[in-house]
Amino acid sequence: MKHTIRSIEGTYDILPQSPSAMHRAAAWRHAEETIRAVLERFAFEEIRTPVVEPLALIARGMGGSTDIVTKEMFSFERGKTHYVLRPELTAPVMRAYLQHHMGQRPGEQRFFYFGPCFRAERPQKGRYRQFHQYGAEIIGTNDARADAEIIACTVEIYRALGLKNTKLRINTLGDAASRARYSAVLREYFAPMKDKLSAASQKRLQSNPLRILDTKLDYERDLVRNAPQLMTHVDEESLNHYEAVKAYLKRVGIDFAEDPFLVRGLDYYSRTAFEVESFDIGAQSALAGGGRYDRLAEAIGSKQAVPAVGFAAGMERLLLAMEAQDVSWPAAAPLDAFLIGLGEAAKAEVFALAFQLRRDGLHVVHGLHNRSMKAQMRTAHRLRARYCIIIGDNELASRQAQVKDMDQGTQESVPFDALPRILFSHRS
RNA sequence: GUGACCGUAGCUCAGGCGGUUAGAGCGCCAGGUUGUGGCCCUGGAGGUCGGGGGUUCAAGUCCCCUCGGUCACCCCA
């Protein structure tokens with residue numbers, strides 16, 4: 001409680017033991033392994049990109065009017081280079097795709113990622129300054145099946161984890177042109193009632209009127225309710241695309257709700273937009289979100305348009321939801337044996353024996369403190385060791401260890417070289 | 001960035017209107033067996049009461065500042 005150095009605000013440690021799933025390594029591993037298994041069944045390939053990226057990638061990729069870019073970036077400069085700790089992974093993945101000319105590989109490209117992201121927001125439940133996202137992208141096709149497959153994969157992961165009490169909402173934003181037309185219509189609609197809008201929404205009127213639609217302020221919702229519908233301004237091709245996506249989802253039995261006011265916050269989205277919400281994790285309820293982003297590649301410098309669709313999901317929120325629903329994870333591998341050496345010569349023997357048993361594939365530990373036998377037995381018990389192996393002068397002389405079964409309380413004499421066989425035989 | 005609540009041992013928490021050596025339970029360590037765990041008993045270590053300043057004869061307790069935590073707004077995964 002003195003001036004020990006602490007972790008930075010909004011960051012946290014994941015520990016071997018913790019009552020909360022989010023702070024417990026075993027829960028993370030279980031979630032990660034399940035996620036990877038599903039993603040790999042969907043034929044996504046893992047991609048890993050740097051934690052730092054050029055500022056311009058994020059600023060141009062996500063859009064200059066987004067909150068993330070204008071006030072939530074951890075950025076710094078050295079020399080002439082402006083760096084940013086990545087706030088998300090879609091733009092970096094697209095960057096890698098373009099940089100390595102991955103469009104030259106056969107067919108559309110399917111990637112998944114997992115890693116830390118950074119946003120300088122005020123921490124609260126489900127929101128941290130360093131947080132973790134996993135997600136997947138299908139790059140190189142505008143086929144509606146790609147959209148449907150991304151959405152299906154997003155929810156399939158929750159099914160695989162046994163997560164319930166979630167809701168999938170979908171919408172279409174139309175193409176770039178229809179989105180621009182609709183923005184103009186909205187500006188006209190809201191202009192007369194400008195002074196009734198919140199300060200934030202008044203700014204959005206200029207920068208991105210669509211964002212006013214998903215306001216959470218009650219008095220704004222009333223105004224929004226009567227606003228012109230996005231759907232009536234969406235281009236026909238996008239509407240057809242949307243209908244196709246919905247049909248594919250129905251075909252595989254994915255439940256969804258259409259939400260005409262669902263507008264994703266990032267500028268690069270067009271056409272399909274979707275979000276998965278949990279009702280168990282507080283105000284930051286979005287477990288995952290995504291959509292089509294056919295304009296991102298050009299925004300970050302590609303000469304050609306590259307159609308793409310993807311999702312991103314939050315690990316912390318997933319773990320909070322798992323915890324709320326008592327989703328369990330496999331217990332850690334049990335300890336096969338705890339070795340106790342009494343006397344210097346025996347301790348040396350135990351050290352070597354432990355090494356050999358580990359090489360044989362057994363999970364063993366021996367105490368490194370010079371403590372009493374009683375204390376070591378107690379430790380063995382607390383570590384839930386299946387066996388205790390005791391070696392003193394007598395055992396050293398006869399090359400026979402005392403092997404105590406910690407469940408039965410029985411004890412027998414076992415030759416050193418028979419130890420692996422005995423320990424393995426009692427595994428189950 | 002804004003707001004509310006909170007900050008006493010490793011953990012969970014007690015500490016009426018300020019009063020002298022700051023407590024409990026659990027955990028940890030040791031002893032009760034010259035080489036044996038769980039239960040029980042005994043003892044011990046561990047706190048500059050988040051930090052700084054102020055009021056007062058006296059501050060864990062009151063005031064101010066500050067740093068953290070939690071939750072919400074906002075925004076998003």
Side-chain angles (χ1 to χ4, degrees), chain A residues 1-12 15 17-19 62 65-72 86-90 113-128 130-135 154 198-201 203-204 208 211 214-217 263-266 269 274-278 281-290 310-321 338 340-343 346 369 371-395 401-411:
Chain A
M1 279 294 158
K2 292 183 188 166
H3 292 139
T4 55
I5 296 174
R6 301 175 43 89
S7 57
I8 284 170
E9 174 184 7
T11 69
Y12 61 94
L15 307 169
Q17 291 293 329
S18 168
M62 299 186 83
S65 72
T66 62
D67 283 14
I68 293 172
V69 168
T70 54
K71 53 188 194 199
E72 295 172 5
R86 65 185 182 199
E88 59 119 38
L89 274 148
T90 297
Y113 57 78
F114 181 95
C117 296
F118 305 83
R119 266 129 85 159
E121 299 177 281
R122 192 79 167 265
Q124 75 182 76
K125 187 173 186 179
R127 186 171 77 181
Y128 308 92
Q130 175 177 335
F131 62 105
H132 296 73
Q133 283 195 349
Y134 66 89
T154 306
S198 63
S201 287
K203 273 182 199 156
R204 293 188 191 117
N208 192 351
R211 294 261 306 284
D214 60 4
T215 180
K216 281 161 192 158
L217 302 173
V263 179
R264 312 247 67 238
L266 311 184
Y269 285 115
F274 69 95
E275 195 169 293
V276 180
E277 193 179 358
S278 165
I281 58 173
Q284 302 299 315
S285 60
L287 282 175
F311 81 88
M315 276 298 289
E316 285 78 4
R317 291 176 189 183
L318 170 61
L319 286 158
L320 287 171
F338 187 95
I340 298 174
L342 302 164
H369 281 294
R371 301 199 305 152
S372 71
M373 171 137 176
K374 181 185 177 121
Q376 295 194 68
M377 288 293 292
R378 191 161 44 233
T379 300
H381 178 253
R382 284 173 194 167
L383 294 177
R384 290 182 211 273
R386 183 73 178 78
Y387 287 93
C388 225
I389 295 174
I390 302 153
I391 296 173
D393 292 339
N394 296 340
E395 290 76 16
Q402 288 297 314
V403 176
K404 179 163 188 178
D405 183 318
M406 296 298 275
D407 295 336
Q408 308 295 320
T410 56
Q411 190 165 315

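Throughout, a chain's letter reflects where its sequence line sits, starting with A, and its residues are numbered from 1.
Set against B:C73, B:G35, B:A77, the side chain of A:Ala286 has B:A77 as its closest nucleotide. Relative to the side chain of A:Ser372, the nucleotides B:G31, B:G1, B:C76 differ in distance, and B:G31 lies closest. You'll find that the side chain of A:Lys71 is closest to B:C74, out of B:U2, B:C74, B:G35. Side-chain proximity of A:Arg317 to B:A77, B:U2, B:U36: nearest is B:A77. When distances are taken from the side chain of A:Arg371 to each of B:G69, B:C76, B:A30, the shortest belongs to B:A30. Out of B:U2, B:C74, B:G37, the shortest distance to the side chain of A:Asp67 is found at B:C74.
The distance from atom CZ of A:Phe338 to atom P of B:U36 is 15 Å, rounded to the nearest whole Å. Between the CD atom of A:Glu9 and the P atom of B:G69 there is a distance of 5 Å, given to the nearest Å. If you measure from atom CE of A:Met373 to atom P of B:A30, you get 14 Å, rounded to the nearest angstrom. Between A:Ile8 atom CD1 and B:C67 atom C1' there is a gap of 14 Å when expressed in whole angstrom units. Atom-to-atom, CG of A:Leu320 to C1' of B:C71 comes out at 13 Å; the value is rounded to the nearest Å.
At a threshold of 4.0 angstrom between heavy atoms, the contacts of A:Gly409 include nucleobase atoms, whether or not backbone atoms are also involved. Residue-level contact check: A:Glu275 touches neither bases nor backbone, having no heavy atom under 4.0 Å from any strand. Heavy atoms of A:Gly282 sit under 4.0 angstrom from primed sugar atoms or phosphate atoms, though from no base atom. Among the protein residues, A:Glu277 comes within range of no part of the nucleic acid, since none of its heavy atoms lies under 4.0 Å from any strand. Nucleic acid contact for A:Ile390: base, since at least one base atom lies under 4.0 Å from a heavy atom of the residue. Within 4.0 Å of A:Pro123, counting heavy atoms only, lies at least one base atom of the nucleic acid.
Within 6.0 Å of CG on A:Asp393 lie no more than 12 heavy atoms contributed by other residues, nucleotides or ligands.
The base of B:C67 lies outside donor-acceptor range of the side chain of A:Arg6, with no N or O pair under 3.5 Å.
Non-hydrogen atoms lying under 4.0 Å from RNA chain B are contributed by A:Lys374, A:Ala375, A:Met377, A:Arg378, A:His381, A:Arg382, all within residues 374-384 of chain A.
Nucleotides B:C29 and B:G18 are separated by 42 Å at their P atoms, to the nearest Å. Between B:C26 and B:C62, the distance separating the two C1' atoms is 33 Å to the nearest Å. Separation of the P atoms belonging to B:C63 and B:G7 is 13 Å when rounded to the nearest angstrom. Separating the C1' atom of B:U61 from that of B:C17 is a span of 11 Å, rounded to the nearest Å. On the P atoms, B:G19 is 11 Å away from B:A59, given to the nearest whole Å. Look at the C1' atom in both B:A4 and B:G60: the space between them is 23 Å, to the nearest Å. Nucleotides B:G23 and B:G46 place their C1' atoms 14 Å apart, quoted to the nearest Å. Atom C1' of B:A14 sits at a distance of 13 Å from the matching atom of B:C49, rounded to the whole Å.
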Donor-acceptor pairs under 3.5 angstrom involving side-chain atoms of residues 114-122 of chain A: please list them, not counting sequence neighbours.
unit_1	atom_1	unit_2	atom_2	d
A:Arg119	NH1	A:Pro87	O	2.5
A:Glu121	OE2	A:Arg127	NH1	3.4

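Of the options A:His381, A:Arg386, A:Arg384, A:Gln411, a side chain to side chain contact (heavy atoms under 4.5 Å, CB included) to A:Met406 is made by A:His381 and by none of the others.
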- Query: Given pairs defined as Watson-Crick or G-U wobble with both distances under 3.5 Å, what dot-bracket annotation applies to RNA chain B, with ( ) intrastrand, [ ] crossing, | other strand and . unpaired?
  - Reply: (((((((..((((.....[...)))).(((((.......))))).....(((((..]....))))))))))))....
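With a 4.5 Å cut-off on side-chain heavy atoms, A:Phe311 and A:Val276 do not count as touching.
Atom OG1 of A:Thr154 sits about 11.5 Å away from atom CD of A:Glu275, to the nearest 0.5 Å.
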